[in-house]
Amino acid sequence: MKKKSSYSKVDPQVIEVVNLAKENKYTKALTLGKRLLGKFETNEVLLNTIGIVYRRQGKFKQAEFWTKRALSLKNDFWAAHNNLASIYYDSGDIQSSISKYKWILERNPNYIEARGNFALALKVTGRYEAAIVEYERTFRVIKSSAIEFHMAATLLTLGRFDRGWERYKSRWAIDPLDKVLWPFEKTGNVWEGEKDKKIVLWGEQGIGDHIIFLSLVPEAFKISKALSVYIDQRLISICERSLPDIRFLPDEKALKKEEFDYHSPLGSLPRLFRNSEEDFKRALKGYLKADPKRVELLRDELGLKGKKVVGISWKSVKATNKLKKSMELRDFCKAFKDLDITLVNLQYGDVDKEIREFKKETGIEVLQCASVDNRNDLDGLAALIEVCDLVVSTSNVTIHLAGALGKETWVLLPYVANFWWLLDRTDSIWYPSLKLYRQNKSGNWDFPIRDLTNDL
């Protein structure tokens, strides 16, 4: 005989497991949860929480097992149904997750968490307009920062910049920016475009974001009395060369010594300067400049004089979904086979083994530059990019730097790309020198590689 479900009265020990899971203390949550199974083997909250922990660990078979056990005890346990849909989503079975979210919402249309997740799944399959509808329905009921941020990204992807940038402020309330300490007070003295004032700007997010937001700094400078920018230290030398009238600060200590009237994070500049597609016509081609002396030294070091040079990069190391944005080096084989070109590695990270295996499998050599650390020496990487006649890469820091340098660059994009790249376009409104090649379905690089190969 089954023990009576304790759904309505959750034991404090089970609540402790739930809280451990919320705090991302997965090992402790599982240890305690498994220990409690003897006493609470029919507690659907405990079983579903174990399923949630396994899902977050990427152990989807275990996650599905425990979640379905919870549902066998209480079929109208909506949190478990939602978790099951999330298991399908996180494991890459997006269509099954959409079907499951629809099933939930048909039976419980007011279950807001499922509606928000449903919107995200729609967005990931490229159904942006439908996603916006669901996000707006959800946000009317619950003012979730996560929902607002996903809505912002979707609006920006659709080119609805004024609404998108306004909602983009929600980025500060979600991971990882919710953990960032502002160098100054969030209230008061935040720049809203006031003219003829001393302005301090400070970088946020990753190096790619620093680079793309730098495109707006010259416009900020034009309406300021004085302008200082706190930027990733790896960009200081190239910024000082490229934008000599602007003061660049290497660390937070120097930032806090600055006298200013207003300050702003760099990611808030688009709201001031890019509220329509027309505004992007002011985008500068080549707002960063490589060191010309170093360019010549690298050309000699690699023996590239008189050769057609293509720089390549193929993955994003810190992407939230590496598989979505990244390729394997071997995927480039068809594109570069039998071409009279010299390939140069622009990929950061430890890729020596990949390059050796690529040459062994294909006979195609990829030159590596011993004097440049592609991750930490960004001034060197800029010079290495400048050596190339063309850059070919997936979406990563290399692309942002190449675009900022005005280098002709061909970008391989996933089916659902970051909002920077908008929809269905082959050009970039941020970087005029870029050409975009998009997947025609999720995970399939054959289509963009074919088009890129034809163009080569």
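Worth knowing before you read on, the calculation uses all heavy atoms, side chains too, and leaves out hydrogens, waters and symmetry mates.
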K.L.:
Which heavy atom of F139 sits nearest to which heavy atom of E148, and what is that distance?
P.N.:
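Smallest interatomic distance, heavy atoms only, reads CE1-CB, 3.6 Å.
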
K.L.:
Would you say the side chain of E258 lies within less than 4.5 Å of the side chain of P183, judging by non-hydrogen atoms?
P.N.:
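Side chain of P183 against side chain of E258, heavy atoms only: no contact under 4.5 Å found.
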
K.L.:
Are the side chain of N374 and the backbone of Q347 linked by a donor-acceptor contact shorter than 3.5 Å?
P.N.:
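Yes, the answer is positive, given that a donor and an acceptor are paired below the 3.5 Å cut-off.
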
K.L.:
One thing to verify: whether E252 and K256 come together as a salt bridge, which I'm taking to mean a side-chain N less than 4.0 angstrom from a carboxylate O.
P.N.:
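E252 and K256: salt-bridged.
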
K.L.:
With a 3.5 Å cut-off and no angle check, do the side chains of Q368 and N345 form a donor-acceptor pair?
P.N.:
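There is such a pair between these side chains.
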
K.L.:
Can you give me the closest heavy-atom contact between A382 and L401, atom names plus distance?
P.N.:
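Minimum heavy-atom contact is N-CD2, 3.9 Å.
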
K.L.:
Can you tell me how far NZ of K123 sits from CZ of F419, rounded to the nearest 0.5 angstrom?
P.N.:
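Separation between the atoms: 8.5 Å.
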
K.L.:
Check whether S170 reaches the backbone of F149 with its side chain - one donor and one acceptor, N or O, closer than 3.5 Å.
P.N.:
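Confirmed, S170 side chain pairs with F149 backbone.
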
K.L.:
Could you tell me which residues satisfy ring-ring contact (aromatic ring centres under 6.0 Å, His included) with H81, sequence neighbours excluded, listed by chain and number?
P.N.:
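Listed in chain order: W78, W103.
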
K.L.:
Can you find a heavy atom in the side chain of L381 that is under 4.5 Å from one in the side chain of D377?
P.N.:
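Not in contact.
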
K.L.:
Would you say W191's side chain and E194's backbone share a donor-acceptor pair under 3.5 angstrom?
P.N.:
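Yes, the answer is positive, given that a donor and an acceptor are paired below the 3.5 Å cut-off.
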
K.L.:
Can you list everything that forms a ring-ring contact (aromatic ring centres under 6.0 Å, His included) with W410? Sequence neighbours excluded, please.
P.N.:
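Counting only residues at least two positions away or on another chain, W410 forms a ring-ring contact (aromatic ring centres under 6.0 Å, His included) with Y437.
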
K.L.:
Hey, could you give me each pair passing ring pair (Phe, Tyr, Trp, His ring centres under 6.0 Å) that has a residue in residues 210-229? Not counting sequence neighbours.
P.N.:
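Qualifying pairs, neighbours excluded: F213-W420.
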
K.L.:
Using side-chain contact (heavy atoms from CB on, under 4.5 Å), reason through F332 and I364 one step at a time and then give a plain yes or no.
P.N.:
CA-CA 10 Å; F332 276 141; I364 300 173; over 6 Å; no

K.L.:
Nearest 0.5 Å please: distance from the CG atom of D76 over to the CD1 atom of I104.
P.N.:
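Going from the CG atom of D76 to the CD1 atom of I104 covers 12.5 Å.
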
K.L.:
Quick one: salt bridge (Lys or Arg N to Asp or Glu O under 4.0 Å) partners of K435, sequence neighbours excluded?
P.N.:
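In terms of salt bridge (Lys or Arg N to Asp or Glu O under 4.0 Å), with neighbours along the sequence ignored, K435 is linked to D455.
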
K.L.:
Counting N and O atoms only, with roles assigned by atom type, does the side chain of T394 sit under 3.5 Å from a partner on the main chain of W314, one being a donor and the other an acceptor?
P.N.:
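Yes, because the side chain of T394 sits within donor-acceptor range (under 3.5 Å) of the backbone of W314.
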
K.L.:
List the atom of I429, the atom of F161, and the distance in Å for their closest heavy-atom pair.
P.N.:
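So the minimum-distance heavy-atom pair works out to CD1-CZ, 3.6 Å.
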
K.L.:
Considering all heavy atoms of both residues, which atom of S313 and which atom of N396 are nearest to each other, and what is their separation?
P.N.:
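Where S313 meets N396 most closely, the heavy atoms are OG-ND2, 2.8 Å.
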
K.L.:
How are the rings of H263 and W182 set to each other: parallel, tilted or perpendicular (split at 30° and 60°)?
P.N.:
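Perpendicular, since the angle between the ring planes exceeds 60°.
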
K.L.:
Does any non-hydrogen side-chain atom of S393 lie less than 4.5 Å from one of T409?
P.N.:
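When only atoms from C-beta onward are counted, S393 and T409 do not touch, as no gap falls below 4.5 Å.
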
K.L.:
By salt bridge (Lys or Arg N to Asp or Glu O under 4.0 Å), which residues pair with E408, not counting sequence neighbours?
P.N.:
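Expected list: none.
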
K.L.:
Are the side chain of N275 and the backbone of R271 linked by a donor-acceptor contact shorter than 3.5 Å?
P.N.:
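Flag set: sc N275 to bb R271 pair under 3.5 Å.
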
K.L.:
Per the side-chain hydrogen bond (donor to acceptor under 3.5 Å, both in side chains) rule, what does the pair list look like for residues 217-226, sequence neighbours excluded?
P.N.:
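Counting only pairs at least two positions apart or across chains, the side-chain hydrogen bond (donor to acceptor under 3.5 Å, both in side chains) contacts touching residues 217-226 are E219-R274, E219-R282.
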
K.L.:
Using a 3.5 Å distance criterion without hydrogens, assess whether the side chain of S242 forms a donor-acceptor pair with backbone atoms of C239.
P.N.:
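Not a single qualifying donor-acceptor pair exists.
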
K.L.:
Should we say atom CD of E259 is surrounded by more than 12 heavy atoms from elsewhere, each under 6.0 Å from it?
P.N.:
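For E259, atom CD is not crowded (no more than 12 foreign heavy atoms under 6.0 Å).
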
K.L.:
Check for me whether the distance between the ring centres of F260 and F184 falls short of 6.0 Å.
P.N.:
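Yes, ring centres under 6.0 Å apart.
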
K.L.:
A quick test of your reading: do over 12 heavy atoms of other residues, nucleotides or ligands sit less than 6.0 Å from CZ of R241?
P.N.:
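More than 12 within 6.0 Å, yes.
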
K.L.:
Working to the nearest 0.5 angstrom, can you tell me the gap between K308 NZ and I341 CD1?
P.N.:
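That separation rounds to 11.0 Å.
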
K.L.:
Main chain of P109, side chain of R115: is a donor-acceptor contact present, judged purely on distance under 3.5 Å?
P.N.:
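Present.
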
K.L.:
Starting from the C-alpha separation in whole Å, work towards a yes-or-no answer on ring-ring contact (aromatic ring centres under 6.0 Å, His included) for F336 and F358.
P.N.:
CA-CA 12 Å; F336 298 123; F358 181 70; 8.0 Å; no

K.L.:
Just so I know, are the side chains of I98 and Y88 near enough to count as touching, which here means a heavy-atom distance under 4.5 Å?
P.N.:
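Counting from C-beta outward, I98 and Y88 never come under 4.5 Å.
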
K.L.:
Sequence neighbours left out, what passes salt bridge (Lys or Arg N to Asp or Glu O under 4.0 Å) with D427? Give chain and number order.
P.N.:
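Residues passing salt bridge (Lys or Arg N to Asp or Glu O under 4.0 Å) with D427: R425.
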
K.L.:
Pick one: which of R294, K289, K407 meets salt bridge (charged side-chain N to carboxylate O under 4.0 Å, His left out) with E386?
P.N.:
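Only one option passes, and that is K407.
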
K.L.:
Just checking, is any N or O donor in the side chain of S395 or N418 under 3.5 Å from an acceptor N or O on the other one?
P.N.:
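Side chains of S395 and N418: no pair found under 3.5 Å.
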
K.L.:
Main chain of E328, side chain of D331: is a donor-acceptor contact present, judged purely on distance under 3.5 Å?
P.N.:
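Answer holds: yes.
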
K.L.:
Any side-chain heavy atom of V416 within less than 4.5 Å of one from T125?
P.N.:
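Not in contact.
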
K.L.:
Counting neighbours of CZ on R107 that are heavy atoms of other residues, nucleotides or ligands and sit closer than 6.0 Å, is the number greater than 12?
P.N.:
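For R107, atom CZ is crowded (more than 12 foreign heavy atoms under 6.0 Å).
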
K.L.:
Could you check whether any side-chain N or O of T67 sits under 3.5 Å from a backbone N or O of E64, counting only pairs where one atom can act as donor and the other as acceptor?
P.N.:
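Such a contact is absent between T67 side chain and E64 backbone.
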
K.L.:
Does any part of the side chain of Y89, heavy atoms only, come nearer than 4.5 Å to the side chain of V124, both counted from C-beta?
P.N.:
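SC-SC contact between V124 and Y89 confirmed.
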
K.L.:
Any salt bridge linking R234 with D232? Criterion: basic side-chain nitrogen under 4.0 Å from a carboxylate oxygen.
P.N.:
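So R234 pairs with D232 through a salt bridge.
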
K.L.:
Would you give the length of the straight line joining atom CD1 of I236 to atom CD1 of I238, rounded to the nearest 0.5 angstrom?
P.N.:
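Those atoms lie 11.5 Å apart.
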
K.L.:
With sequence neighbours left out, what residues match Y230 under ring-ring contact (aromatic ring centres under 6.0 Å, His included)?
P.N.:
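Partners of Y230 under the ring-ring contact (aromatic ring centres under 6.0 Å, His included) test: none.
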
K.L.:
Enumerate the salt bridge (charged side-chain N to carboxylate O under 4.0 Å, His left out) contacts for residues 439-448, please, sequence neighbours excluded, ordered by first and then second residue.
P.N.:
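Sorted result for residues 439-448: empty, none.
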
K.L.:
Looking at E166 and R163, does any basic side-chain N land under 4.0 Å from a carboxylate oxygen?
P.N.:
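The answer is no: the pair does not qualify as a salt bridge.
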
K.L.:
Which heavy-atom pair separates S433 from A402 by the least distance, and what is that distance?
P.N.:
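Minimum heavy-atom contact is OG-O, 4.3 Å.
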
K.L.:
Do V217 and Y287 come close enough that some side-chain heavy atom pair is under 4.5 Å?
P.N.:
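A side-chain contact is absent here, since even the closest heavy-atom pair is not under 4.5 Å.
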
K.L.:
Counting C-beta onward and ignoring hydrogens, is there a side-chain heavy-atom pair between P448 and R438 closer than 4.5 Å?
P.N.:
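When only atoms from C-beta onward are counted, R438 and P448 do not touch, as no gap falls below 4.5 Å.
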
K.L.:
Does D209 have any salt bridge (Lys or Arg N to Asp or Glu O under 4.0 Å) partners at least two apart in sequence or in another chain, and if so, which?
P.N.:
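Salt bridge (Lys or Arg N to Asp or Glu O under 4.0 Å) check on D209 returns nothing, list empty.
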
K.L.:
List for me each residue that meets ring-ring contact (aromatic ring centres under 6.0 Å, His included) alongside F60, sequence neighbours excluded, and say none if there are none.
P.N.:
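Partners of F60 by the ring-ring contact (aromatic ring centres under 6.0 Å, His included) criterion come out as none, since no residue qualifies.
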
K.L.:
Please lay out, stage by stage, how K102 and E134 fare under the test salt bridge (charged side-chain N to carboxylate O under 4.0 Å, His left out).
P.N.:
CA-CA 12 Å; K102 282 183 176 179; E134 295 298 331; over 6 Å; no

K.L.:
Of all the heavy-atom pairs spanning E301 and A370, show the shortest one and how long it is.
P.N.:
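Heavy-atom minimum between the residues: OE2-N, 3.6 Å.
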
K.L.:
Can you tell me which residue pairs pass the ring pair (Phe, Tyr, Trp, His ring centres under 6.0 Å) test with a partner in residues 111-132, sequence neighbours excluded?
P.N.:
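Listed once each, the pairs would be none.
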
K.L.:
When you look at R56 and S86, which way does the side-chain hydrogen bond (donor to acceptor under 3.5 Å, both in side chains) test go after all the steps?
P.N.:
CA-CA 10 Å; R56 291 178 180 171; S86 297; over 6 Å; no

